[in-house]
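Working notes, structure below.
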Amino acid sequence: MSFGELLVISAVTLIVVGPERMPKVARTAGMLLGRLQRFIANVKSEIHQEMQMGELAKLEAELREGTDDLRNSIHQPFADAAAMLAEGAQMPPTGSDEDSHAIHTPEQAIDTLPALPNSAYRDRR
């Protein structure tokens with residue numbers, strides 16, 4: 001509003017209300033205007049808070065998704081290895097020629113070592 005408009009509104013109000021009640025009407029109008037401004041400020045701040053909460057919720061969802069992906073990428077190789085080990089433990093021997101030469105016990109491992117001549121033992125002492 002321009003200054004001229006305010007002057008016209010003041011003059012009309014003075015004529016309608018009268019000079020005796022003008023101060024009381026001005027105080028009441030000022031209080032109502034102040035309440036209206038506070039109400040508008042509160043509504044704006046609540047809207048701003050809700051917008052921030054929505055943004056935070058989106059950010060939280062993105063972070064949770066990222067941590068879930070990271071957790072899966074870390075745990076998946078271990079789960080695959082455990083599954084392969086479980087499969088290998090459950091598989092019975094096939095009975096092929098290669099399997100007959102396989103070493104399954106510590107005694108078999110010792111039996112496959114080449115024998116050293118007695119002179120080799122003396123040289124190491």
Side-chain angles (χ1 to χ4, degrees):
M1 278 192 194
S2 70
F3 182 72
E5 290 174 344
L6 288 175
L7 199 59
V8 170
I9 291 172
S10 301
V12 170
T13 306
L14 182 63
I15 294 170
V16 172
V17 173
E20 301 87 31
R21 295 188 312 175
M22 184 66 170
K24 185 177 180 182
V25 170
R27 270 193 302 274
T28 305
M31 286 185 351
L32 291 175
L33 185 61
R35 285 183 187 173
L36 179 65
Q37 287 176 342
R38 284 191 297 276
F39 176 75
I40 290 172
N42 285 337
V43 169
K44 282 183 181 180
S45 69
E46 287 178 11
I47 290 172
H48 184 68
Q49 286 176 347
E50 289 296 324
M51 289 175 56
Q52 285 181 339
M53 293 299 288
E55 291 171 5
L56 287 175
K58 285 181 186 178
L59 181 61
E60 180 185 15
E62 290 174 8
L63 287 175
R64 284 188 190 276
E65 183 179 322
T67 54
D68 289 344
D69 291 344
L70 181 62
R71 183 179 297 121
N72 288 340
S73 68
I74 290 172
H75 290 293
Q76 190 61 41
F78 291 113
D80 293 344
M84 289 174 65
L85 286 174
E87 279 182 21
Q90 293 174 359
M91 290 179 56
T94 58
S96 67
D97 288 342
E98 292 177 12
D99 216 20
S100 64
H101 297 297
I103 299 173
H104 298 287
T105 64
E107 291 80 20
Q108 289 174 337
I110 292 172
D111 291 341
T112 60
L113 292 175
L116 294 175
N118 286 338
S119 61
Y121 289 115
R122 274 185 262 136
D123 293 342
R124 288 192 175 179
R125 289 185 195 171

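- The line from CD of Glu50 to CD of Gln52 is 10.5 Å long, rounded to the nearest 0.5 Å.
- Expressed to the nearest 0.5 Å, how far CG of Asp68 lies from OG of Ser73 amounts to 10.5 Å.
- For the residue pair Glu46 and Asn42, no side-chain donor N or O sits within less than 3.5 Å of a side-chain acceptor on the partner.
- Residue Val12 is not grouped with residue Val25 when hydrophobic side chains (ILVMFWY) are merged at heavy-atom distances under 4.5 angstrom, including chains of intermediate members.
- For the atom pair NZ of Lys44 and CD1 of Ile40, the computed distance is 7.0 Å after rounding to the nearest 0.5 Å.
- Annotation: the span from Thr67 atom OG1 to Asn72 atom CG amounts to 9.5 Å, rounded to 0.5 Å.
- A salt bridge links Arg64 with Glu60: the distance from a Lys NZ or Arg NE/NH1/NH2 to an Asp or Glu carboxylate oxygen falls below 4.0 Å.
- By the criterion of side-chain heavy atoms lying less than 4.5 angstrom apart, applied directly or through intervening Ile, Leu, Val, Met, Phe, Trp or Tyr residues, Leu6 is not grouped with Met22; the two fall into different hydrophobic clusters.
- Taking CZ from Arg21 and CG from Leu14, the interatomic distance works out to 12.0 Å, rounded to the nearest 0.5 Å.
- Looking at Leu70 and Ile74, their side chains come closer than 4.5 Å, going by heavy atoms from C-beta outward.
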Evaluation steps, side-chain contact (heavy atoms from CB on, under 4.5 Å), between Glu62 and Glu65:
CA-CA 5 Å; Glu62 290 174 8; Glu65 183 179 322; 5.7 Å; no

